[in-house]
Amino acid sequence: SDEKLDLNDSKWEDIHVITGALKMFFRELPEPLFTYNRFNEQEPRQRVHAVKDLIKQLPKPNQDTMQVLFRHLKRVVENGEKNRMTYQSVAIVFGPTLLKPEKETGNIAVHTVYQNQIVELILLELNSIFGR
């Protein structure tokens, strides 16, 4: 909404509130950030260039949002000693929100593993995928 928020207000101190709102925003998009037609279950051992190519095929607003989001998530992981968030934990939290099939078919566990692997790969290879 167009509501102006004061992030210095004490009600925003709980990081879970902010993270929950961010996840809800991505979950409620009409189509996920990784658009439906790009969600293919390919070999689990995705290569960096394959993911980079998939991202380049997304609409420009999705690419830009993804770059900002993943750069932020990378900073979260870099502060893992304080917040206990690792590449894997961030991938587990955001994978299902950012990548999902249009229709749930087959084994949900397989989808989840795939989603987490892609998010983790993007975080690990951020500069290769998005450049500096």
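In what follows, every heavy atom counts, from backbone to side chain, and hydrogens, waters and symmetry copies are set aside.
By the 6.0 Å contact criterion, CD on Gln88 is open, its count of non-hydrogen atoms from other residues, nucleotides or ligands being 12 or less.
Not counting sequence neighbours, the partners of Asp64 by the salt bridge (Lys or Arg N to Asp or Glu O under 4.0 Å) test are Lys60. Judged as a side-chain hydrogen bond (donor to acceptor under 3.5 Å, both in side chains), and not counting sequence neighbours, the contacts of Ser89 are Thr86.
Judged purely by atom type and a 3.5 angstrom limit, Glu120 has no side-chain atom pairing as donor or acceptor with the backbone of Ala91. Although no hydrogens or angles enter the test, the distance criterion places no donor-acceptor pair under 3.5 Å between the side chain of Lys23 and the main chain of Thr97.
Cluster membership for Ile92 and Ile118, using ILVMFWY side-chain heavy atoms within less than 4.5 angstrom, is not shared. Hydrophobic clustering (side-chain heavy atoms under 4.5 Å, transitive across Ile, Leu, Val, Met, Phe, Trp, Tyr) groups Phe25 together with Val119.
To the nearest 0.5 Å, the span separating CD1 on Ile122 from CG on Leu99 amounts to 7.0 Å.
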Side-chain polar contacts of residues 67-75 - donor-acceptor pairs under 3.5 angstrom, sequence neighbours left out - could you list them?
unit_1: Gln67; atom_1: OE1; unit_2: Arg71; atom_2: NE; d: 3.4
unit_1: Gln67; atom_1: OE1; unit_2: Arg71; atom_2: NH2; d: 3.3
unit_1: Arg71; atom_1: NH2; unit_2: Gly131; atom_2: O; d: 2.5
unit_1: Lys74; atom_1: NZ; unit_2: Tyr87; atom_2: OH; d: 2.9
unit_1: Lys74; atom_1: NZ; unit_2: Leu123; atom_2: O; d: 3.2

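Residues Gln63 and Lys56 share a closest heavy-atom pair of NE2-O, 3.1 Å. Here the shortest heavy-atom pairing between Leu58 and Met66 reads CD1-CE, 3.6 Å. In plain terms, the two heavy atoms of Gly95 and Asn116 that are nearest each other are CA-OD1, 4.0 Å.
Screening Leu124, Asp53, Ile55, Leu54 for a side chain to side chain contact (heavy atoms under 4.5 Å, CB included) with Ile129, the sole residue that qualifies is Ile55.
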